[in-house]
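FYI, the numbering just counts along the sequence from 1. Computed over heavy atoms, backbone and side chain alike; hydrogens, waters and symmetry mates excluded. Indexing begins at 1, ligand by ligand and atom by atom, following the structure's order.
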Amino acid sequence: MQRMKLNTPAGSTEIVVGEHLWSDLKSLGQEAVLLVDEHVLCQHHDIFETFRTITVPSGEQYKTLQTVESIYRELVKLEADRSTMLVGVGGGLATDVAGFVASTYLRGVPFGFISTTLLGQVDASIGGKNGVNLDGYKNMVGNFRQPSFVWCDLSLLSTLANREYVSGIAEVIKYGAIWDVQFMEYLEKHMELLLTQEIEVLEHVVSVSAAIKVDVVEKDEKESDLRRILNFGHTMGHAIERHQKVLHGEAVGMGMIMAAQLSNNLGLLPSAEVDRLQQIVSSAGLPVEMRLDPDELFLNIRKDKKKSGEFVHFVLLDGPGSTVIKPIALTELKSMIHDLC
Ligand code: GLY
């Protein structure tokens, strides 16, 4: 089991990575209210049966203010008050919604997460970004507020659909690409064991990823500067996700390859490093080719909340484990996307 702390001026989060962490749920007390992803509740109902639970519907289309509103109403029915601990249980979607509910209900109640997907454990549940989508645009409404704890329960990953698990590996590869060359080498050597969820490899991969995220978030919690590097592959990735039926990690894997190609086109990154990234994404079983409509992609990037005026702040690579953020004018980006597709 690995433990680490994320410290920010507003508070600190204890992060635990290990197996069967759920068996410690009773330490939270019977007053806690669990906001549980519907699939997790269905698969593991025995874990939660002695607790007060509210179901969080699964699916990006439910990550909305309407869902938040209906959870507020259920909390009122349960007479949850300012001292009630809310625990979001599920993947990134459930914890994003639960975090937003907890940080706004009664102007904020204590909360923590039990993260049940690889994507959630290495990225979404850590760092205090809470929120929902608006009119199909991702995470347009939300806030920053850190949970008291995040439990990354590795034993719950075995019931995850394989495609969902593999999708999470894209975010793991991202940390190697943007931050840690040695971690990238480790992933290149251990990909097969990671795919079969060999426990030592899994624990190492989740812990290193979480530690990198902690490092970045502690330096820039509110994403004014450094934290933007965590969006590597996401500008293209979110645009792909809006018009292709793919999972988040599948879109991010493709988005990272395109961002690396763009870095190469701009003379920042050697072709060998683009090939290396493509190779590791492919070895995880993530798609490395997609039929993309460049005009559609461009339109979706225009609407991205990370756009500032007529510029998009693109996270590019300028070497292994090293990033540079470049403002690219929308006028230039259009032809760049046409070159990539
Ligand atoms: N998923 C990117 C971030 O938390 O900043």
Side-chain angles (χ1 to χ4, degrees), residues 4-13 15 60 63 88 90-100 102-103 111-113 115-133 137-147 150 152 164 167-180 183 205-206 208-242 247-256 259 301 304-308 312-317 323 325:
M4 63 194 96
K5 275 231 175 212
L6 187 163
N7 295 306
T8 65
S12 78
T13 305
I15 299 165
E60 201 65 33
K63 193 180 172 184
L93 196 144
T95 56
D96 275 12
V97 170
F100 187 64
S103 51
F111 70 109
F113 298 143
S115 183
T116 64
T117 65
L118 185 60
L119 202 134
Q121 295 182 359
V122 300
D123 183 27
S125 68
I126 298 170
K129 277 187 180 176
N130 311 298
V132 291
N133 304 336
Y137 292 101
K138 284 176 77 79
N139 306 324
M140 289 292 277
V141 184
N143 59 17
F144 288 96
R145 194 159 175 264
Q146 301 297 339
V150 179
C152 300
E164 292 278 352
S167 164
I169 297 180
E171 298 285 356
V172 170
I173 294 172
K174 179 187 80 180
Y175 293 117
I178 64 170
W179 194 261
D180 189 335
F183 186 47
V205 163
V206 174
V208 172
S209 301
I212 294 173
K213 179 129 190 202
V214 166
D215 207 0
V216 172
V217 172
E218 282 187 342
K219 292 187 172 95
D220 175 27
E221 183 189 13
K222 302 275 169 73
E223 198 173 306
S224 48
D225 183 22
L226 179 72
R227 187 168 177 167
R228 288 176 176 175
I229 67 170
L230 299 178
N231 297 323
F232 175 60
H234 285 62
T235 303
M236 294 288 191
H238 283 166
I240 293 170
E241 242 179 309
R242 272 188 57 78
L247 299 180
H248 178 70
E250 294 169 343
V252 167
M254 194 65 215
M256 289 194 295
I301 288 176
D304 195 296
K305 71 179 182 319
K306 292 178 192 76
K307 181 173 79 65
S308 123
V312 178
H313 285 95
F314 238 95
V315 186
L316 300 168
L317 298 178
T323 53
I325 298 177

Contact residues of ligand 1 (heavy atom under 4.0 Å), by chain and number:
Asp123, Lys129, Lys213, Glu223, Arg227, Leu230
Pair Glu241, His234: side-chain N/O donor-acceptor within cut-off below 3.5 Å
no
Those residues that, when tested against Asp220, pass salt bridge (Lys or Arg N to Asp or Glu O under 4.0 Å) (two or more places apart):
none
Looking at Asp96 and Lys63, is any side-chain nitrogen of the basic one under 4.0 Å from a carboxylate oxygen of the acidic one?
yes
Nearest heavy-atom contact between Thr95 and Gly88 is CG2-O, 4.0 Å
So, His248 and Glu171: side-chain donor and acceptor under 3.5 Å apart, yes or no?
yes
Evaluate side-chain contact (heavy atoms from CB on, under 4.5 Å) for Gln146 paired with Val217, printing each intermediate quantity in order.
CA-CA 11 Å; Gln146 301 297 339; Val217 172; 4.1 Å; yes
